[in-house]
Amino acid sequence: MSKVLVSDPIDQAGIDILSQVATVDVKTGLKPAELIEIIGEYDALMIRSGTRVTQEIIEAGTQLKIIGRAGVGVDNVDVPAATRKGIIVVNSPEGNTIAAAEHALAMILSLSRHIPDANASVKRGEWDRKTFVGAEVYKKNLGIVGLGKIGSHVASVAKAMGMKLLAYDPFISTERAEQMGCQLVDLDLLFQQADYITLHIPKTPETTNLINAKTLAKMKPTARIINCARGGIIDESALAAAIKEGKIGGAALDVFDSEPLGESELRSLGKDIILTPHLGASTTEAQVNVAIDVAEQIRDVILGLPARSAVNIPGLGPDILEELKPYMQLAETLGNLVGQLAGGRVETLTVKLQGELATNKSQPLVVAALKGLLYQALRERVNYVNASIEAKERGIRVIETRDASARDYAGSLHLEATGTLGTHSVTGALLGDKEIHLTDVDGFPINVPPSKYMLFTLHRDMPGIIGKLGSLLGSFNVNIASMQVGRKIVRGDAVMALSIDDPLPDGILDEITKVPGIRDAYTVTL
Ligand SMILES: NC(=O)C1=CN([C@@H]2O[C@H](COP(=O)(O)OP(=O)(O)OC[C@H]3O[C@@H](n4cnc5c(N)ncnc54)[C@H](O)[C@@H]3O)[C@@H](O)[C@H]2O)C=CC1
Ligand SMILES: O=C(O)C(=O)COP(=O)(O)O
């Protein structure tokens, strides 16, 4: 039975799902060395932001197939290291969107009305109505940096509160921003005009220290900054200095450069700063959502199924996966088949996406074809995550072409592998949307479903050849399940595709090519 380690607190709903397919150990608060010590036993690791999954941990996770982040940000996972080892990294892109957006909105209002400090003051026995005079958000400018899932929800609620919305997001169109009621502006203008600035971007090299002494200097002296995204996007000492010196109005922070927050001057800035311990996703609802979302993906991967929100499989989002799922198996089967027909070392793989597959969304099919191609060399070590890297490291050139006009089938896939022993090609399509059929081998039209053991011959189309091959296979006790010949012209060259019940015994291929008229024979295990 597979083993899953849960190293951060997650909702029981997730544990229940994992327990259907695996032994689940919940061990929270492990030190890095303790995690390294035990991770080698586990097939899957489920985390939140509390566990830092470093390259060292990934190297020690010799059985790891998947790392599941029960939340959005995967900046605490060395994703490139996981990718190199073929470990799938999944997250829950939407499970805590509302929770994080509502936390940011709560921060905006709390900061404006000094709620945390006013509350503490009353609880101390005071009744101070002067110190805590606040500001209204109505008609104020809210600058949203990052208009993704969380930023968009913040926008729609803030709009309802009568705020004017400015947004900066270089990856969002003006139309989309306008739909959200936001005016898309450049960052400088946003810094200059905003009364509130709320950050909803990932931490990347570009966004690290985005809020620094220089950018703080551009802001209004009354500006309030809210960070419920990631620590490190704000230079904390520059922020503390700006608040102390009255260069900005205040800040509300849920996330910090280093968590848990240690000794910090941020703690001593009074009512102009609100600090929460990374609570953005901490609602009952969000925790159930993310635990179920990620546990289901870990369960699926353990069962050999694809994960819907893998962050390290290019182009494979949940909606696209749903659409492409049946074709992924087709691509993989064809890759495996053409690789075996080519034998030797493959130097170039051409993937032609035909008919309805000729869209940009079909990129994962190229990865699936590579996975199939590399299966003979790497077996279970190749997967959707590392197939492209493995191909690149082996010097396999991948050419992707599209032909929307191919209309034989709704969508079909043509693969051509050129290697040290020559060039071979296969084409396949789905019948009835599900059943894989080979429709062409080396340019000869056929129509057979692939089977585990197959034999292909290239021969001259002439009387008696099928009988001779059948007798030869019979003499080796090989049972033929089905057989089909593909030819272009009568008595010209032809291809025979045979499904056989067992692997071909050693030495029989040489005997087959001695049959007069048979030029080549290839055995394939799928
Ligand atoms: N405090 C908490 O507990 C939580 C924090 N988060 C964090 O919130 C952030 C946003 O999450 P989502 O909205 O779900 O992500 P998302 O991917 O839907 O949106 C992020 C947006 O940022 C934009 N962006 C990327 N680089 C940018 C840049 N250099 N400048 C401006 N915009 C840029 C993207 O185009 C995208 O629209 C993430 O960092 C996530 O980790 C998410 C959930 C809970
Ligand atoms: O989902 C995210 O990105 C978060 O920051 C939430 O973090 P958490 O799961 O609460 O440790």
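Everything quoted here is computed from the prediction, not taken from an experiment. Order of listing sets the numbers, starting from 1, for every ligand and every atom in it.
- In this structure, the separation between CD1 on I234 and CG on N227 is 4.0 Å, given to the nearest 0.5 Å.
- Closest protein heavy atom to atom 10 (C) of ligand 1: H200 O, 3.6 Å.
- Closest heavy-atom approach to atom 7 (C) of ligand 1 within the set G148, A100, A229: this belongs to A229.
- A side-chain donor from one of T276 and H103 sits under 3.5 Å from a side-chain acceptor of the other.
- At a heavy-atom distance under 4.0 Å, no atom of L279 approaches ligand 2.
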Full working for salt bridge (Lys or Arg N to Asp or Glu O under 4.0 Å) between E265 and K244: CA-CA 10 Å; E265 49 191 329; K244 256 193 232 156; 3.4 Å; yes
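- Backbone and side-chain nitrogen or oxygen atoms of G71 are examined, and none is located within less than 3.5 angstrom of a nitrogen or oxygen of ligand 2.
- When hydrogens are left out, the protein atom nearest atom 42 (C) of ligand 1 is I150 CD1, 3.4 Å; that is the closest non-hydrogen contact.
- Heavy-atom distances between T97 and ligand 1 stay at or above 4.0 Å for every pair.
- Distances from atom 15 (O) of ligand 1 to the heavy atoms of H103, K149, R48 put K149 nearest.
- Within a 6.0 Å radius of CD in E37, other residues, nucleotides and ligands contribute 12 heavy atoms or fewer.
- In terms of polar-atom proximity, A229 is not counted as a contact of ligand 2, lacking any N or O under 3.5 Å from an N or O of the ligand.
- In terms of protein heavy-atom proximity, atom 40 (C) of ligand 1 is closest to V72 CG1, 3.9 Å.
- The shortest N or O to N or O distance between Q287 and ligand 2 is not under 3.5 Å.
- Within ligand 1, the atoms closer than 4.0 Å to a non-hydrogen atom of P170 are 30 (N), 31 (C), 32 (N), numbered from 1 in the order shown.
- With no hydrogens or angles considered, no side-chain donor-acceptor pair links S362 and Y327 at under 3.5 Å.
- Looking from atom 43 (C) of ligand 1 to the surrounding protein, the closest heavy atom is N96 OD1, 3.3 Å.
- Ligand 1 does not have G71 within reach: every non-hydrogen atom of the residue lies 4.0 Å or more from it.
- Contact annotation for S49 and ligand 2: heavy atoms of both the backbone and the side chain come within less than 4.0 Å of the ligand.
- Looking at P202, A104, G146 and measuring to atom 25 (C) of ligand 1, the nearest heavy atom belongs to P202.
- Scanning the protein for heavy atoms near atom 28 (C) of ligand 1, the closest one is T207 CG2, 3.9 Å.
- In this structure, I226 CD1 and I274 CD1 are separated by 8.5 Å, a value rounded to the nearest 0.5 Å.
- From M46, atom CE reaches atom CD1 of I15 across 7.0 Å, with rounding to the nearest 0.5 Å.
- Of the heavy atoms in H278, only side-chain atoms (C-beta onward) come closer than 4.0 Å to ligand 1.
- The closest approach between A70 and ligand 2 falls below 4.0 Å for a heavy atom of the residue.
- Considering NZ of K325 and CZ of R308, their distance stands at 9.0 Å, rounded to 0.5 Å.
- Among the atoms of E206, none of the N or O lies under 3.5 angstrom from an N or O of ligand 1.
- When non-hydrogen atoms are compared, ligand 1 lies under 4.0 Å from the side chain of R230 (C-beta onward) but not from its backbone.
- To the nearest 0.5 Å, atom OG1 of residue T62 and atom CD of residue E41 are 10.0 Å apart.
- Residue I201 touches ligand 1 through backbone and side chain together, judged by heavy-atom distances below 4.0 Å.
- Polar contact check, A281 against ligand 1: a nitrogen or oxygen pair lies under 3.5 Å apart.
- A distance of 7.5 Å separates CD1 in I273 from OG in S264, rounded to the nearest 0.5 Å.
- Nearest non-hydrogen protein atom to atom 4 (C) of ligand 1 is C228 O, 3.7 Å.
- The proximity of L147 to ligand 1, defined as any non-hydrogen pair under 4.0 Å, is limited to the backbone.
- When each atom of ligand 1 is checked for a heavy atom of G73 under 4.0 Å away, the hits are 41 (O).
- What sits closest to atom 26 (N) of ligand 1 on the protein, heavy atoms only, is F171 CE1, 3.6 Å.
- Shown in contact with A281 at under 4.0 Å from a heavy atom are these atoms of ligand 2, numbered in order with element: 6 (C), 10 (O).
- The shortest side-chain heavy-atom distance between E393 and R84 does not fall under the 4.5 Å cut-off.
- Looking at atom 23 (C) of ligand 1, its nearest protein heavy atom turns out to be D169 OD2, 3.2 Å.
- Taking only nitrogen or oxygen atoms, main chain and side chain alike, S282 does not reach within less than 3.5 Å of ligand 2.
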